Amino acid sequence: MSRKPVPAQSGDRSRTEVLFDRPQLMAQLFGEFDQNLLALENKLGVYITARGNKVGLEGTAEAVAQARDVLHGLYNRIARGEVVDTGLIDAVIAMSSEPTLAGILQADSGGGAVPQIMIRTRKKTIVPRTIAQAHYMRQLLNNDIIFALGPAGTGKTYIAVAQAVAQLITGSVQRLILSRPAVEAGEKLGFLPGDMKEKVDPYLRPLYDALNDCLPAEQVERRIASGEIEIAPIAFMRGRTLADAFIILDEAQNTTPAQMKMFLTRFGENSRMVICGDPKQTDLPGGMNASGLNDAVGRLEGVEGLSICRFGSGDVVRHPIVGRIVEAYEGKSD
């Protein structure tokens, strides 16, 4: 790989060489036609040369140091079986520039060490891609009730489901209970044919998708059949005490205050509860003021044993254009 150097805009020029001990991983690290290295050059303003398992970096001292850390982070993720894509590159770059993630970054860049924050499931290992995700994953371990607030694509529900699956696998809880309000998203769907399961499944599809990403399909089906995993509308929670369970309420902005109070008071012994939603995207008649999510956050912030994790457009980990769309809508007055 050899191209015209990227000129440094400011600061003293610096050169360094990074040596990797597993040459067989270099093709994944560099990407097809060196596309991963090209992405790093464009994003960090460095010049990269690659020969075998050696990578040369040239640019400002700050940019070279950051590029070195990012390469180590990507290399060790590849060694753990992760696939490098544009989203992962962007995430590792963002994490490398945040001193509050020093511990994670050191683990990612130090001799193949395992990151301090991760969730292991049957099908994959999930590590944080943003500062907010790292904070969220810590709170999932330390608090009984967690509110995860923010726009679509930030991993709120996905990470919660992964943590729930991990705790079910290890026996920390005996049941997973996943719930959503059955509220139409701005459309009138009319009469839905079929039995109760067939009527409500379209509303719960995102929860099934997250489960199938963490567990083999046959295990998901078996655990649902045995009652270990329950997926149901919020109305089915009334009158129950949910003990020894990991409980997730998704799309919580579409609950009424009465529904939210009912759901929160189902909490039982040895349980953990996660409430996910976007306060700015309610589908309830009457708008945001009717949302049980906003009402609950206003009443409960600061309560011991309860934490609130907030995500922004910068935490979107889907396609980069999703983050730009969120920013465009958030910046536009209603």
Side-chain angles (χ1 to χ4, degrees), residues 76-85 87-88 91 104 108 114-130 132-148 150 152-180 197 200-233 242 244-252 270-277 309 311 315-319 322:
N76 285 304
R77 287 168 185 256
I78 291 169
R80 294 195 299 271
E82 294 187 49
V83 176
V84 174
D85 56 19
L88 181 59
I104 297 173
D108 268 352
V114 177
Q116 298 171 356
I117 303 174
M118 63 166 51
I119 300 171
R120 294 186 183 275
T121 69
R122 286 279 189 262
K123 292 180 73 173
K124 60 172 59 179
T125 298
I126 293 95
V127 295
R129 289 192 169 197
T130 70
Q133 284 191 358
H135 174 67
Y136 183 37
M137 290 168 74
R138 287 194 184 97
Q139 298 310 307
L140 288 171
L141 294 173
N142 297 326
N143 284 286
D144 295 325
I145 298 177
I146 301 97
F147 282 83
T154 51
K156 305 182 301 295
T157 304
Y158 188 87
I159 291 173
V161 171
Q163 181 64 35
V165 168
Q167 291 197 210
L168 183 66
I169 291 170
T170 61
S172 301
V173 296
Q174 299 303 310
R175 293 184 296 163
L176 266 59
I177 299 173
L178 312 177
S179 186
R180 280 183 122 197
K197 183 178 185 300
V200 301
D201 269 2
Y203 296 103
L204 306 173
R205 189 72 254 166
L207 297 175
Y208 285 103
D209 291 343
L211 276 174
N212 285 318
D213 218 26
C214 296
L215 282 172
E218 64 275 10
Q219 285 198 29
V220 173
E221 294 175 6
R222 176 172 54 80
R223 291 175 186 269
I224 289 175
S226 69
E228 286 182 87
I229 298 176
E230 179 182 351
I231 305 177
L242 307 177
D244 202 24
F246 198 112
I247 310 142
I248 299 172
L249 175 61
D250 192 26
E251 297 292 332
N270 190 37
S271 289
R272 181 148 293 153
M273 183 177 282
V274 184
I275 295 94
C276 305
C309 300
F311 297 84
D315 299 305
V316 172
V317 292
R318 290 181 187 165
H319 192 286
V322 177

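Every value quoted in this text rests on a predicted model; they were computed, and no experiment measured them. Residue numbers start at 1 and run along the sequence shown. In what follows, every heavy atom counts, from backbone to side chain, and hydrogens, waters and symmetry copies are set aside.
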Testing the basics here: between [X] and [Y], what is the closest heavy-atom pair and its distance to 0.1 Å?
{"X": "N270", "Y": "S172", "value": "ND2-O, 3.5 Å"}
{"X": "L211", "Y": "V220", "value": "O-CG2, 3.9 Å"}
{"X": "S179", "Y": "A232", "value": "OG-O, 2.9 Å"}
{"X": "C309", "Y": "H135", "value": "SG-CD2, 3.7 Å"}
{"X": "T121", "Y": "A162", "value": "CG2-O, 3.7 Å"}

Report yes or no: do D315 and T154 form a side-chain donor-acceptor pair below 3.5 Å?
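T154 and D315 do not have a side-chain donor-acceptor pair below 3.5 Å.
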Could you work out, with ring-ring contact (aromatic ring centres under 6.0 Å, His included) as the rule, every residue matching Y136, not counting sequence neighbours?
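For Y136, the residues satisfying ring-ring contact (aromatic ring centres under 6.0 Å, His included) (neighbours in sequence not counted) are F311.
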[Y] and [X], any side-chain heavy atoms less than 4.5 Å apart:
{"X": "I146", "Y": "L140", "value": "yes"}
{"X": "I224", "Y": "E230", "value": "no"}
{"X": "V274", "Y": "V161", "value": "no"}
{"X": "I231", "Y": "I177", "value": "no"}

Residues in side-chain hydrogen bond (donor to acceptor under 3.5 Å, both in side chains) contact with [X], at least two apart in sequence or another chain:
{"X": "D144", "value": "none"}
{"X": "E221", "value": "none"}
{"X": "N212", "value": "none"}
{"X": "Q163", "value": "Q167"}

Can you list every salt bridge (charged side-chain N to carboxylate O under 4.0 Å, His left out) pair that touches residues 210-220, not counting sequence neighbours?
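Those involving residues 210-220 are K124-D213.
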Could you walk me through whether M273 and L249 pass the side-chain contact (heavy atoms from CB on, under 4.5 Å) check?
CA-CA 8 Å; M273 183 177 282; L249 175 61; over 6 Å; no
D244: salt bridge (Lys or Arg N to Asp or Glu O under 4.0 Å) partners, not counting sequence neighbours
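In terms of salt bridge (Lys or Arg N to Asp or Glu O under 4.0 Å), with neighbours along the sequence ignored, D244 is linked to no residue.
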Salt bridge (Lys or Arg N to Asp or Glu O under 4.0 Å) partners for R272, two or more places apart:
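With neighbours one apart ignored, the set is empty.
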With sequence neighbours left out, write down each residue that passes side-chain contact (heavy atoms from CB on, under 4.5 Å) with A164, or none if nothing qualifies.
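side-chain contact (heavy atoms from CB on, under 4.5 Å) list for A164, sorted by chain: L176, F246, I248.
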[atom1]/[X] to [atom2]/[Y] distance, rounded to the nearest 0.5 angstrom?
{"X": "Y158", "Y": "Q133", "atom1": "OH", "atom2": "CD", "answer": "10.5 Å"}
{"X": "I145", "Y": "I247", "atom1": "CD1", "atom2": "CD1", "answer": "8.5 Å"}
{"X": "I275", "Y": "T157", "atom1": "CD1", "atom2": "OG1", "answer": "11.5 Å"}

Cationic N near anionic O, under 4.0 Å, E228 to R175:
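No.
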Okay, side chain of K156, backbone of G277: is any donor-acceptor separation there less than 3.5 Å?
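Flag not set: sc K156 to bb G277 has no pair under 3.5 Å.
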